[in-house]
Enquirer: 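Here's a structure for you.
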Amino acid sequence: MADSIKGLKRTCYCGEIRLSDAGKEVTLFGWCQKQRDLGNLIFVDLRDRTGIVQLSFNDTTDREIFAKAQSVRSEFVVAAVGTVCERESKNKELPTGDIEIAVKDFRIISKAETPPFEIANSEKVGDDVTLKYRYLNLRNQKLTQNILMRHKIAKIAREYFYENDFIEIETPMMIKSTPEGARDYVVPSRVHNGKFYALPQSPQIYKQLCMVAGFDRYIQLARCFRDEDLRADRQPEFTQIDLEMSFVDTDDIMEMAEGFIKRLMKETVGVDVPMPLPRMTFAEAMNSYGSDKPDTRFGMLINDITDWADGTDFAVFKNAIAEGGSVKAIVAENSASVYSRKKIDKLTEHARGIGAKGLAYIRWADEAPNCSFGKFLKDGELESLLDKLGAKQGDCVFIISDKTSAALSILGALRLIIAKELNIIPQGKWNYLWITEMPFFEQDEETGEWVAMHHPFTMPMEECIEYLDTDKGKVRAKAFDLVLNGTELSSGSMRITDCKLQNKMFELLGMSQEEIDAKFGFLVEAYHYASPPHGGMGIGLDRLAMIICGADSLRDVTAFPKVQNASELMSGAPGTIDDVQLDELGICLAVEEAENEQ
């Protein structure tokens with residue numbers, strides 16, 4: 001029978017006790033991480049969410065208490081009352097390593113079966129097991145600290161924005177389906193048979209309507225849902241620190257976000273981030289880094305060598321240029337000893353896998369450079385290129401010739417791969433960066449159609465409005481992204497508040513007036529009643545926590561994450577529902593019909 005905790009009240013957490021507490025009597029609750037029985041001496045490592053402390057039992061301990069300590073096993077829930085004492089054998093690996101608790105009362109509150117894996121070393125166990133028993137894996141100290149850090153980030157966000165006069169407003173979780181870039185998760189309505197709600201991809205429209213309503217500073221830690229393919233930095237449900245401000249311009253929003261980042265970094269990792277944060281235009285980022293979320297912690301910038309390439313006799317380069325493309329190169333310094341021919345072949349395979357037609361290279365390992373296209377060059381042309389690029393012996397040069405957008409994105413991806421393989425990305429750096437002057441439209445290469453790069457409520461720059469009908473490629477948005485170490489944390493923009501311009505933007509994106517009225521009529525109508533100029537952004541709480549915790553995946557900062565196929569291994573979600581529920585919703589499953597026919 002389990003012991004009662006009657007009469008016991010926790011005085012502190014395990015990880016909080018220090019040598020300065022010596023002599024104090026404490027009452028602790030937690031889980032047994034490990035028990036060591038040395039005969040007349042027993043040690044129990046007691047763990048709670050704050051850390052571990054050592055309990056000690058010896059020949060002066062009450063015999064009934066000592067017997068309980070002998071019987072305790074891993075993951076038992078226990079309570080302990082005792083005196084804080086200085087340890088004889090200190091453990092410098094633990095914050096509580098200078099002390100131990102000499103126990104005088106010990107109770108086994110709940111016994112545990114042998115766990116399917118060792119909690120302290122769960123990172124060595126496969127995801128299929130740890131995610132099935134997620135409630136056990138969350139006891140792992142590293143994961144516990146990640147969840148606590150996520151909580152701290154959320155707490156700092158709320159405190160900061162509250163102090164700056166923001167109002168927390170909850171927006172609906174069941175909304176009308178509106179196109180925002182990804183597929184919606186839909187919820188069938190029982191009351192309105194045959195109709196569906198959607199889970200919000202973001203609170204975008206509602207927070208704008210809060211501005212129309214006069215709540216000039218809105219904040220929400222908003223849950224968002226997107227039915228899209230998963231990866232390490234993406235989950236089907238996520239949280240963003242969502243904000244909107246009235247009577248502002250882009251600089252005001254960015255400065256407000258910078259104040260939050262400065263406070264956040266100081267209070268979480270003790271780092272003073274210089275302000276204001278650097279800014280880079282979208283065009284500069286793409287041309288130099290091949291990415292709109294560049295990792296600026298290291299160099300290896302992209303060079304345009306189109307003019308040089310056009311003067312050579314190498315048909316691959318010249319054909320790409322003739323078709324309106326360009327030739328781009330990166331220099332991987334001191335990499336010739338790493339990139340053997342075999343490894344370059346592997347890099348070429350990877351480049352082809354992301355769309356490259358091939359990968360030209362120069363490997364300067366010996367006195368004479370080895371150039372993959374050297375036989376097509378005239379005397380002096382290779383030397384001219386190396387000089388232009390500033391390449392030296394020991395370096396490798398990698399070259400892509402293609403449509404400019406493709407050449408940049410491919411080299412941008414290779415740049416990251418090479419940097420990781422060369423281990424040149426510095427750790428402990430926090431390179432925040434604003435990307436500005438985003439294109440308003442992007443063209444689908446297959447269909448030729450122009451689509452909004454951001455959501456369709458983004459305000460174009462005033463000087464670009466004249467190009468809306470004549471040259472969409474010239475239209476830039478009053479939009480900005482916040483990037484940290486190559487990860488996009490946030491997108492933001494000023495919003496359209498003119499009902500005619502908003503209606504026109506929908507039309508330019510291929511919507512009929514009937515479709516506009518059906519999907520966005522309530523928003524356009526709201527602008528007939530006057531709206532303040534406003535804008536905002538949503539900062540990805542999950543991604544921010546992932547980077548601050550040094551985690552490899554969003555799973556490591558999410559309490560109960562989904563896996564690659566959007567299922568949750570612990571509960572078995574998604575699951576089936578019974579026929580009664582289906583009938584109430586007016587839903588007939590086509591899959592079941594097909595099986596019955598067979």
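All figures in this text were calculated on a predicted structure; none of them were measured in a lab.
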Enquirer: Which residue, Thr458, Thr250, Asp249, forms the side-chain hydrogen bond (donor to acceptor under 3.5 Å, both in side chains) with Lys478?
Expert: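 That would be Asp249; it is the only one of Thr458, Thr250, Asp249 passing the side-chain hydrogen bond (donor to acceptor under 3.5 Å, both in side chains) with Lys478.
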Enquirer: Give a yes or no on whether a salt bridge exists between Lys357 and Asp402, defined as a side-chain N under 4.0 angstrom from a carboxylate O.
Expert: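 Yes, Lys357 and Asp402 are salt-bridged.
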Enquirer: Minimum heavy-atom separation for Leu138 to Thr144, with atom names?
Expert: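 Where Leu138 meets Thr144 most closely, the heavy atoms are O-OG1, 2.7 Å.
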Enquirer: If every non-hydrogen atom of Met505 is compared with every non-hydrogen atom of Pro456, which pair is closest and at what distance?
Expert: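 Shortest heavy-atom separation between Met505 and Pro456 comes out as CB-O, 4.2 Å.
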Enquirer: Indicate yes or no for a side-chain donor-acceptor contact from Asp542 to the backbone of Val557 under 3.5 Å, with no hydrogens or angles considered.
Expert: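 Pair absent, no side-chain N/O of Asp542 close to backbone of Val557.
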Enquirer: Is the NZ or CZ atom of Arg415 positioned over Phe298's six-membered ring, under 6.0 angstrom from the centre and within 45° of the axis?
Expert: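 Flagged: Arg415 positioned over aromatic ring of Phe298.
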Enquirer: Are Tyr218 and Asp242 close enough, and set up right, to give a side-chain hydrogen bond (donor to acceptor under 3.5 Å, both in side chains), and what steps lead you there?
Expert: CA-CA 8 Å; Tyr218 144 97; Asp242 203 49; 2.8 Å; yes
Enquirer: Would you find a donor on one side and an acceptor on the other, under 3.5 Å apart, between the side chain of Asn319 and the backbone of Ala315?
Expert: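 Checking the backbone N and O of Ala315 against the side chain of Asn319, a donor-acceptor pair under 3.5 Å is found.
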Enquirer: Assess the side chains of Glu421 and Tyr339: does a donor N or O sit below 3.5 Å from an acceptor N or O?
Expert: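 Distance-only check passes for Glu421 and Tyr339.
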Enquirer: Are the aromatic ring centres of Phe376 and Phe317 under 6.0 angstrom apart?
Expert: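 Ring centroids of Phe376 and Phe317 are no less than 6.0 Å from each other.
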Enquirer: Could you tell me whether Arg234 and Glu228 have a side-chain N and a carboxylate O separated by less than 4.0 Å?
Expert: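 A salt bridge links Arg234 with Glu228.
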Enquirer: Decide if the gap between the ring center of Phe373 and the ring center of Phe314 is smaller than 6.0 angstrom.
Expert: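 Ring-ring flag for Phe373/Phe314: true, centres closer than 6.0 Å.
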Enquirer: Any donor-acceptor pair under 3.5 Å linking the side-chain atoms of Asp481 with those of Ser491?
Expert: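 Result is yes, a qualifying pair exists.
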Enquirer: For the pair Asp128 and Lys132, find out whether any cationic side-chain nitrogen is under 4.0 Å from an anionic carboxylate oxygen.
Expert: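 No.
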Enquirer: If only atom types and distance count, is the side chain of Thr306 paired as donor or acceptor with the main-chain N or O of Val327 below 3.5 Å?
Expert: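 Between the backbone of Val327 and the side chain of Thr306 there is a qualifying donor-acceptor contact (under 3.5 Å).
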Enquirer: Under a 3.5 Å threshold, yes or no: a donor from one side chain and an acceptor from the other, between Thr239 and Arg150?
Expert: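 On atom types as modelled, these side chains qualify, holding a pair under 3.5 Å.
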Enquirer: One thing to verify: whether Glu163 and Arg263 come together as a salt bridge, which I'm taking to mean a side-chain N less than 4.0 angstrom from a carboxylate O.
Expert: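 Counted as a salt bridge, because a side-chain N and a carboxylate O are separated by less than 4.0 Å.
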Enquirer: Show the nearest heavy-atom pair for residues Gly536 and Phe480, with the distance to one decimal.
Expert: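 Heavy atoms only, the tightest pair is O-CZ, 4.1 Å.
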Enquirer: Using side-chain heavy atoms (C-beta onward) and a distance below 4.5 Å, is Ser202 in contact with Lys207?
Expert: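 The answer is no; the side chains never approach within 4.5 Å.
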Enquirer: What verdict does the side-chain contact (heavy atoms from CB on, under 4.5 Å) test give for Val273 and Val271, after you've listed the backbone C-alpha separation in whole Å, the side-chain angles of each residue and the deciding distance to 0.1 Å?
Expert: CA-CA 6 Å; Val273 178; Val271 171; 4.2 Å; yes
Enquirer: Heavy atoms only: give me the nearest Val331-Ala391 pair and the separation to one decimal.
Expert: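 Nearest pair, atom of Val331 first, then Ala391: CG1-CB, 4.3 Å.
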Enquirer: So which heavy atom on Ile253 is nearest to which on Ser493, and how close?
Expert: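 That would be CD1-O, 4.3 Å.
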Enquirer: Closer than 4.0 angstrom, basic N to acidic O: yes or no for Glu463 and Arg476?
Expert: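 Salt bridge between Glu463 and Arg476, a charged N being under 4.0 Å from a carboxylate O: yes.
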